[in-house]
Amino acid sequence: MSASPSIPATRVLAVASHVVSGYVGNKIAVFVLQSLGCDVAALNTVQFSTKVSAKEITDLYDGLRQSYLDDFDMMLSGYIPGAEAVVAVGNIAKELKVKNRDAPGRFFWVLDPVMGDNGKIYVAEDVVPAYKSLLPYADLILPNQFEAELLSEVKITDMDSLSRAIQALHDKYHIPHVVITSVRLSAPDHPPDHLCVVGSSMDSRGQARLFKIVFPSIDCYFCGTGDMFGALITSRMREAVATAADADLGARASWLSGDDVPALELPLARATEKVLASMHEVLSRTRDGMPAVVERTRAAMTDGDRADESKAHYVKTKAAELQLVRNLDCLRAPATEFRAKAI
């Protein structure tokens with residue numbers, strides 16, 4: 001019996017990095033999407049720490065297309081190394097859009113514009129304009145707070161400026177759906193030691209329908225949280241549209257709800273609530289399991305390695321890997337509940 005029968009049969013093209021051990025990039029995306037019942041084709045932009053070129057990305061996709069394996073319902077793109085590769089991935093999304101132009105809602109692109117965090121860019125400068133050129137073709141984007149500032153050109157300092165940044169993204173690029181992740185603002189926008197996620201699905205006039213979800217911050221370092229969020233929102237958005245009161249929503253371009261649907265009833269809001277519930281449970285269990293991972297790892301080290309402070313980073317990073325495999329219940333049916341609030 002399917003663990004998530006409300007998610008219809010869905011074929012996803014996941015474009016992101018790949019690692020041999022641990023959970024980041026497509027190692028997370030593929031597992032999470034498959035755990036929720038999606039069929040996934042993985043196009044890896046990094047293999048064994050080697051960046052894949054724009055031509056190799058194009059060639060890999062051409063192989064799928066030539067084998068009639070390009071019948072994708074959705075595409076999720078994450079880390080892409082370099083501006084040329086960003087353009088190549090964008091061309092794939094554009095081709096899939098053109099292929100399905102006679103069937104509105106048939107294809108949906110979730111774009112995570114991975115560029116930096118905490119005020120720092122960790123990609124080449126020319127990646128930013130490359131992403132900006134692709135935004136008009138995306139259905140849903142998932143920037144973090146810093147990336148939203150880069151794309152909207154609005155400095156986010158409070159809820160008012162955050163709202164203006166989202167409206168700027170709707171206005172400049174006509175992006176139907178936006179979710180800004182891991183927003184950290186000062187009081188009174190939300191309590192200390194809390195974060196929030198803010199989202200919007202624009203109406204027919206391009207106006208933002210804003211909602212926010214505030215949740216307690218877990219004071220711990222984790223790897224791959226953005227990749228997990230992207231995979232979860234991809235599947236849960238599909239589910240929310242399929243189970244929406246408007247039975248025709250899935251056949252509408254970009255799955256945009258009618259103007260009579262308020263912010264808190266948007267499929268994007270419903271999907272984000274479930275995503276954050278799963279995230280909170282997985283991160284909490286990962287945090288609780290960290291001491292055992294550290295103890296087991298240090299027990300296998302030599303005395304010299306244990307005394308070497310430079311090796312402590314590897315132990316910390318290993319402990320920070322999300323504990324997904326043994327926590328499928330958190331992905332499929334989280335018990336935690338978060339509720340969106342209107343802005």
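Sequence positions, counted from 1, serve as the residue numbers for this chain. Everything numeric here is computed off the predicted structure, so don't read it as measured data.
Under the 6.0 Å distance and 45° angle rule, Lys132 does not count as a cation-pi partner of Tyr173.
Summarising the geometry, atom CG belonging to Asp139 is positioned 8.0 Å from atom CE belonging to Met74; distances are rounded to the nearest 0.5 Å.
Residues Tyr137 and Trp109 keep their aromatic ring centres 6.0 Å or farther apart.
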Fill in: salt bridge (Lys or Arg N to Asp or Glu O under 4.0 Å) assessment of Lys55 paired with Asp59
CA-CA 6 Å; Lys55 183 179 184 304; Asp59 288 346; 2.7 Å; yes
Worksheet item: Hey, mind stepping through Thr181 and Asn144 against side chain to side chain donor-acceptor pair (under 3.5 Å) and telling me if it holds?
Response: CA-CA 5 Å; Thr181 62; Asn144 59 35; 5.7 Å; no
Worksheet item: Asp171 and Gln167: side chain to side chain donor-acceptor pair (under 3.5 Å), yes or no, with the steps?
Response: CA-CA 6 Å; Asp171 291 342; Gln167 188 61 58; 2.9 Å; yes
Fill in: salt bridge (Lys or Arg N to Asp or Glu O under 4.0 Å) assessment of Arg306 paired with Asp303
CA-CA 5 Å; Arg306 281 194 293 271; Asp303 291 340; 2.2 Å; yes
Discussion item. Before you tell me yes or no, could you show the steps for Leu150 and Ile121 under side-chain contact (heavy atoms from CB on, under 4.5 Å), namely the whole-Å CA-CA distance, both residues' side-chain angles and the distance that decides it to 0.1 Å?
Written reply: CA-CA 9 Å; Leu150 290 176; Ile121 296 178; 4.0 Å; yes
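Inter-residue side-chain proximity for Ile166 and Ile180 is flagged as met; some heavy-atom pair is nearer than 4.5 Å. Side chains of Asn26 and Phe31 form no contact here, defined as non-hydrogen atoms less than 4.5 Å apart. Counting heavy atoms from C-beta on, the side chains of Val214 and Leu195 never come closer than 4.5 Å. Taking 4.5 Å as the limit, every side-chain heavy atom of Val114 sits out of range of all side-chain heavy atoms of Ile80. Val87 is not listed as a side-chain neighbour of Glu84, based on a closest heavy-atom distance of 4.5 Å or more. In this structure, the side chains of Asp193 and Asp219 stay at 4.5 Å or more apart for every pair of heavy atoms. With contacts defined as side-chain heavy-atom distances shorter than 4.5 Å, the pair Leu249/Pro267 qualifies. Between Arg101 and Arg106, the closest side-chain pair of non-hydrogen atoms is not below 4.5 Å.
Arg332 contributes a side-chain N or O that, together with a main-chain N or O of Ser35, makes up a donor-acceptor pair within less than 3.5 Å. Without hydrogens or angle criteria, Arg270 side chain to Glu239 main chain gives no donor-acceptor distance under 3.5 Å. Looking only at distances, no side-chain donor or acceptor of Gln66 sits under 3.5 Å from a matching main-chain atom of Gly63. Counting only distance, with no hydrogens or angles, the side chain of Glu281 and the backbone of Cys330 share no donor-acceptor pair below 3.5 Å. Arg236 contributes no side-chain N or O that, together with a main-chain N or O of Lys274, makes up a donor-acceptor pair within less than 3.5 Å. Side-chain atoms of Ser133 do not come within 3.5 Å of backbone N or O of Tyr131 as any donor-acceptor pair. Using modelled atom types, one side-chain atom of Glu149 and one backbone atom of Ile156 make a donor-acceptor pair closer than 3.5 Å. The closest donor-acceptor contact from the side chain of Arg11 to the backbone of Leu69 lies under 3.5 Å. At distances below 3.5 Å, not a single donor-acceptor pair connects side-chain atoms of Asn44 with backbone N or O atoms of Val46. No side-chain donor-acceptor contact under 3.5 Å links Thr297 to the backbone of Val315.
Across all their heavy atoms, Ile213 and Ala269 have their closest contact at CD1-O, 4.5 Å. Across every non-hydrogen atom of Leu142 and Gly230, the tightest pair is CD1-CA, 3.7 Å.
A salt bridge links Asp62 with Arg65: the distance from a Lys NZ or Arg NE/NH1/NH2 to an Asp or Glu carboxylate oxygen falls below 4.0 Å. One finds a salt bridge joining Glu337 and Arg339 here, because a Lys/Arg side-chain nitrogen approaches an Asp/Glu carboxylate oxygen to under 4.0 Å. A salt bridge links Arg164 and Asp160; the closest N-O separation between the charged side-chain nitrogens and carboxylate oxygens is under 4.0 Å. Salt bridge Lys27/Asp227: absent, no basic N to carboxylate O contact under 4.0 Å.
The only member of His177, Gln207, His170, Arg209 that meets side chain to side chain contact (heavy atoms under 4.5 Å, CB included) when paired with Met202 is His170. Put simply, the residue from Met290, Met228, Met279, Glu321 that forms a side chain to side chain contact (heavy atoms under 4.5 Å, CB included) with Phe222 is Met290.
Environment of CD in Glu95: crowded, with over 12 heavy atoms of neighbouring residues, nucleotides or ligands closer than 6.0 Å. With a 6.0 Å radius and a threshold of 12 heavy atoms from other residues, nucleotides or ligands, Lys172 has its NZ atom above the threshold.
Classified by interplanar angle (parallel below 30°, tilted 30° to 60°, perpendicular above 60°), the ring pair Phe338/His280 is perpendicular.
One side chain, Asp158 or Ser161, offers a donor N or O that lies under 3.5 Å from an acceptor on the other.
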